[in-house]
Amino acid sequence: MLDSTIQYLVQVVGQLLLQEVKLLLGVEGVVEDLASQLHFINAFLKNSEGKRDENHVVRELIRQIIDVAQEAENHIEHFMLAVERQKRGTFWGKVSQGANYVSTLHDMAEKTKKINKTITNIYDNFQLYKINMNGAVNNNDPAYPCPKSSVAVQRRRRDVEKDMVGLKDEADNITKKLTSGRQELDFVSIVGMGGLGKTTLVQKIYDDAAIRSHFTCRGWVFVSQEYDTRQVVLDIIKNVMPESTPRALKEKSLEELRDMLYNHLWDKTYLVVLDDIWKPEIWDEISQCFPNGDKHSRIMITARDKKVADRICPDSALPLRNLSFEEGWELFSRKVFRGGACPPGLKLFGEKIVAKCKGLPLSIIVMAGILAGEKSLDKWHRTTDDVNSILAEDQTSSEILALSYHDLPREVKPCFLYFAAFPKDFEVPARQLIRLWLAEGFIQKNRERNVEDIAEDYLENLIDRNLVQVEKFGVDGGVKTCRIHDLLRELCITEAAKENFLESRKEVSPSTSSTGNRRRLSVQCNVSNFILHNSSKLKYVRSIQSFDRDTTSKVGKKHWEAISKGKLLKVLDFGSTTVEEVPNDAEDLLNLRYLKINAPSLKKFPLFLVSLWNLQTLDMRSTKLTNVPDGIYKMQNLRHLFFKGAVKFPKPSSEELGPDWRLKTLSTVALSRETATLVKNGALDSVTRLGLCHSDPEADWNLLDDLHKLPNLQSLKIELQINDFTIWRMMKSVCFPASLIKVTLKDIRLNPEQFEIFGKLPNLRIFKLCKAWGHLMFQKDSFPMIQAFSMVDVTIQSWKLEEGASPYLEHLMFDNCNFNGELPHNALAALAYLKSIRANRPIGQRLDSLATLEGMVKDKCSIVIIPEQWRKYLKNPGNA
């Protein structure tokens, strides 16, 4: 998007002037002018956040800035590639290419002058139309419309959301928190995405008879994004002191108003609702108004951002859930049929509409408003098919949700808009998402922090603001997959289109609304046809991601030739589309940062890949590669490398392994002497996730005697394609790193040696078994810190859990496991921290053993059996 593009250009041009000035050869003056212009634009964009849609003149100037910024980005990135080629070339190569480089410099100077002139013209328009640095128009002319206030938007929202159904348990729980508990001042915070009904729920509780009788003094104030501290205090006073006169209040200072409110509340049991808080600073400014006595007073807060609520009062936030289908149908029926019955012919359509709203009250009410009083079957049919487009075009719902987007920090906005790339209801793997953000350049480097950590913070920010929903948690409690609500996805698509940021294409031919200038393409149609049909429009594309489900779609030589026209391409993900042919040469793709290839027949590593010096992530899991070439060590920016099976690395020389070869993920790699050399000479010191595959009978586990030297290793996966008990006896001499947090064992026959080896690791939190069979042995005091134990496709012959083993185990997971032996019921039931047991498709002769365990622990932890109908196969002796 525009802000991130300008920030990126400011950084890149600055680096160009500082680090590559010798290669500018006399054109540094025009580059310095461009840097100055970009700093000005950056300042304007920072000051005008949230105000750019308030005036048609400002919108037009922003559009012009978008065009010139993207032209500058294309120009600078082309030049940076030329600079990098010149730096990396041999002496004679630089001599032979010297004339070309001089020509590139001349072209650089001319284009930069043109860009600078365009920016100057935009400045002149600022003056002509009297636009200041805050994006405001200094003009009282009625031709310049007044800006929309967030307060006005929220008033419309309250008009829409004034009816409430469901959430009875939540309302009762909140009422109890308000009327019981500690005598001192306390807080209750309701958090959730816009349109979820937070205000409606609080209003119902506020008006409840039990609340009115409990609190002798009540007040409600709407805060909003654009709050004024004095006005907020005044509004509270008007609520709790209706006898106060406006003239007397007008003459008082803010400090006097605070004292006045404090004194009034001093001896009262009061309830004050602070509705729609966006910034925690407001509490710092008004907290002096509220006495913290022993009168059992309460303050209720509604907010979209959990961090705002936590800042005001830690651990007070209560996340509001979406309505169930039944609750949604009740709300829809109440609005459409006004208490009457739904005609049988319309019910099927109505249920589909409610299902598509996914429990968001705002969406349900908007759709009900369209169909209220409507009896035409054809209208109901058409509306059912157009739910998403109707909601996206509805002004009230769009504006309400857009408030959350505009409130995002500048650096997080492109990360949110990137969700427009994913199809509807798509579960996005969190790690993959972060790698894509990094490849796109959304995460700016920070000397003090790791960029992956910054990216994780950005994702947490979006989750806390209820813009992104966690779909699955990992066994470590972290985010495994996430998704976005359909309405928010439509918002992403709309905002992304405005700034030429990204386009989602469901048809091979462009739609009439497509500009052909989108920076990023999400291809959700036949990708092979799409590439060939749109090859002339790929020149400035930065990202191509395929979500093609057409099994006839194939990628070959001509597709690579078309893609290579996109010399600035950073992300190329073919998804599940089969790549039948991979070129030997693709020099024009030197800008690639992320590459994922699905080539099931590929057995030889494509040599052109080693020349991609910018590549950060290379995903070759869907190939049959067995070896990688020597040139792999030249890929100095490579951080994440994925293979399938026992892939062998070449023996590295000290010259090849420079200080910049810092892999973070390597999975899977063959257990070999070459792997042992990589470990021994420190080449894998930066690796945090390592996968090892044992397929060679001659391999010796003692080769990994130096594995404990990997200082940053957190996750280790061991896959055995040869079953031999002697392997584990040899492994007993291997000293595994104490830093390990997660260990996964796959394709193994279980024996006591494994549990003895890994049970000693002091920091192991997650232990996972896949495709294993045999006996489980948890010896006394083993696995001292384990929190999650997961088994997938495991046949359990017996399980012994001795006293003192895994004392901190919280989560136990079975997925398609065969129970042929007794579970350690008593030992599991005695675990003090056990929180959840999840059994997915449990099978075997002793299913009653799982039922017995459920009966013993159901009062202390949650039990989930999937699918639920499998419970009928559990013969619980306690219920016989």
**Q** With a 3.5 Å cut-off and sequence neighbours excluded, list the donor-acceptor pairs that the side chains of residues 708-718 form with protein atoms.
**A**
from: His708; atom 1: ND1; to: Asp705; atom 2: O; distance (Å): 3.0
from: Lys709; atom 1: NZ; to: Asp706; atom 2: OD1; distance (Å): 3.1
from: Asn712; atom 1: ND2; to: Asp685; atom 2: O; distance (Å): 2.8

**Q** Will you find, in the side chains of His640 and Thr617, an N or O donor that is under 3.5 Å from an N or O acceptor?
**A** no
**Q** Would you say Thr118's side chain and Lys114's backbone share a donor-acceptor pair under 3.5 angstrom?
**A** yes
**Q** Check whether any side-chain heavy atom of Leu592 sits under 4.5 Å from a side-chain heavy atom of Leu569, and report yes or no.
**A** yes
**Q** For Arg542, is there an ion pair with Glu77 - N to carboxylate O distance below 4.0 angstrom?
**A** yes
**Q** Looking at Lys472 and Glu427, is there a salt bridge between them, counting it only when a charged N and a carboxylate O are closer than 4.0 Å?
**A** yes
**Q** Keeping the roles fixed (side chain from Asp619, backbone from Arg621), state whether a donor-acceptor pair exists under 3.5 Å.
**A** yes
**Q** Only one of Arg518, Gln545, Gln524 clears side chain to side chain contact (heavy atoms under 4.5 Å, CB included) with Ser504; which?
**A** Gln524
**Q** Roughly how far apart are Ile563 CD1 and Ser535 OG, rounded to 0.5 Å?
**A** 10.5 Å
**Q** Check whether any side-chain N or O of Arg505 sits under 3.5 Å from a backbone N or O of Glu503 as a donor-acceptor pair, and report yes or no.
**A** no
**Q** Do Asn584 and Leu607 have side-chain heavy atoms sitting under 4.5 Å apart?
**A** no
**Q** With side chain to side chain donor-acceptor pair (under 3.5 Å) as the test, would you mind laying out the steps for Thr552 and Asp550 before giving the verdict?
**A** CA-CA 5 Å; Thr552 65; Asp550 188 343; 2.6 Å; yes
**Q** Which distance, rounded to the nearest 0.5 Å, do you find between the CG of Leu602 and the OG of Ser622?
**A** 11.0 Å
**Q** Which atoms form the tightest heavy-atom contact between Asn598 and Ser576, and what is the distance?
**A** ND2-O, 2.7 Å
**Q** Parallel, tilted or perpendicular for Phe422 and Phe426, by the 30°/60° rule?
**A** parallel
**Q** Between Cys482 and Phe419, is the side chain to side chain contact (heavy atoms under 4.5 Å, CB included) condition met? List the steps.
**A** CA-CA 10 Å; Cys482 56; Phe419 279 90; 4.1 Å; yes
**Q** Is the shortest side-chain heavy-atom distance between Leu618 and Leu612 below 4.5 Å?
**A** no
**Q** Identify the two heavy atoms, one from Leu459 and one from Leu433, that lie closest to each other, and give their separation to 0.1 Å.
**A** CD1-CD2, 4.1 Å
**Q** Would Leu502 and Ser543 count as a side chain to side chain contact (heavy atoms under 4.5 Å, CB included) if you check the C-alpha gap in whole Å, the side-chain angles of each, and the deciding distance to 0.1 Å?
**A** CA-CA 9 Å; Leu502 185 148; Ser543 171; over 6 Å; no
**Q** Does Glu581 come within less than 4.0 Å of Lys557, counting only side-chain N to carboxylate O?
**A** no
**Q** Taking side chain as C-beta onward, heavy atoms only, is Met635 less than 4.5 Å from Trp613?
**A** no
**Q** Taking only residues two or more places apart in sequence or in another chain, which ones pass ring-ring contact (aromatic ring centres under 6.0 Å, His included) with Phe574?
**A** Trp560
**Q** Can you tell me if Arg431 has over 12 outside heavy atoms packed within less than 6.0 Å of its CZ?
**A** no
**Q** Hey, does the side chain of Thr675 reach the backbone of Ala670 with a donor-acceptor pair shorter than 3.5 angstrom?
**A** yes
**Q** Answer yes or no: is there a donor N or O on one side and an acceptor on the other, between the side chain of Ser546 and the main chain of Asp548, under 3.5 Å?
**A** yes
**Q** Minimum heavy-atom separation for Gln636 and Arg639, please, with both atom names.
**A** O-NH1, 3.0 Å
**Q** How about Trp661 and Leu684: do any of their side-chain heavy atoms sit closer than 4.5 Å?
**A** yes
**Q** Of the non-hydrogen atoms in Lys570 and Glu440, which two are nearest, and what is the gap between them?
**A** NZ-O, 3.5 Å
**Q** Apply side chain to side chain contact (heavy atoms under 4.5 Å, CB included) to residues Asp573 and Ile544 and explain how you reach the verdict.
**A** CA-CA 6 Å; Asp573 184 348; Ile544 300 175; over 6 Å; no
**Q** Rounded to the nearest 0.5 Å, what separation is found between the NZ atom of Lys634 and the CG atom of Leu609?
**A** 13.5 Å
**Q** Can Glu456 and Ile443 be said to form a side chain to side chain contact (heavy atoms under 4.5 Å, CB included), step by step?
**A** CA-CA 10 Å; Glu456 286 182 8; Ile443 315 299; over 6 Å; no
**Q** Between Thr668 (side chain only) and Gly691 (backbone N and O only), is there a donor and an acceptor less than 3.5 Å apart?
**A** no
**Q** Less than 4.5 Å apart, any side-chain heavy atom of Leu638 and any of Ile632?
**A** yes
**Q** Is a salt bridge present between Lys558 and Glu561, judged by a nitrogen-to-oxygen distance below 4.0 Å?
**A** no
**Q** Mind listing the closest non-hydrogen atom pair of Met620 and Phe643 along with its distance?
**A** CB-CD2, 3.9 Å
**Q** Can you tell me how far the CD1 atom of Ile484 sits from the CG atom of Leu462, to the nearest 0.5 Å?
**A** 8.0 Å
**Q** Would you say that Val428 contacts Thr481 through its side chain, given a criterion of any heavy-atom pair below 4.5 Å between the two side chains?
**A** no
**Q** Counting distance only, does the side-chain N/O of Asn534 pair as donor-acceptor with the main-chain N or O of Phe530 below 3.5 Å?
**A** yes
**Q** In terms of heavy-atom contacts, does NZ of Lys680 have more than 12 from other residues, nucleotides or ligands at under 6.0 Å?
**A** no
**Q** Are Asp630 and Lys651 within salt-bridge range, i.e. N to O under 4.0 Å?
**A** no
**Q** Identify, with sequence neighbours excluded, every residue that meets side-chain hydrogen bond (donor to acceptor under 3.5 Å, both in side chains) alongside Asn461.
**A** Arg465
**Q** Compare every heavy atom of Val541 with every heavy atom of Leu521, then report the nearest pair and how far apart it is.
**A** CD1-CG2, 3.9 Å
**Q** Is there a donor-acceptor contact under 3.5 Å linking the side chains of Arg519 and Asn74?
**A** yes
**Q** For atom NZ of Lys506, decide whether the heavy atoms of other residues, nucleotides or ligands shown that lie under 6.0 angstrom number more than 12.
**A** no
**Q** Exactly one of Tyr458, Phe416, Phe501 should register a ring pair (Phe, Tyr, Trp, His ring centres under 6.0 Å) with Phe442. Which one does?
**A** Phe501
**Q** Are the side chains of Val470 and Ile463 in contact, using a 4.5 Å heavy-atom criterion?
**A** yes
**Q** Main chain of Ser528, side chain of His559: is a donor-acceptor contact present, judged purely on distance under 3.5 Å?
**A** yes
**Q** Return the CZ to NZ distance between Phe642 and Lys596, rounded to the nearest 0.5 Å.
**A** 9.5 Å
**Q** Once rounded to the nearest 0.5 Å, what's the spacing between atom NZ of Lys624 and atom NZ of Lys603?
**A** 5.5 Å
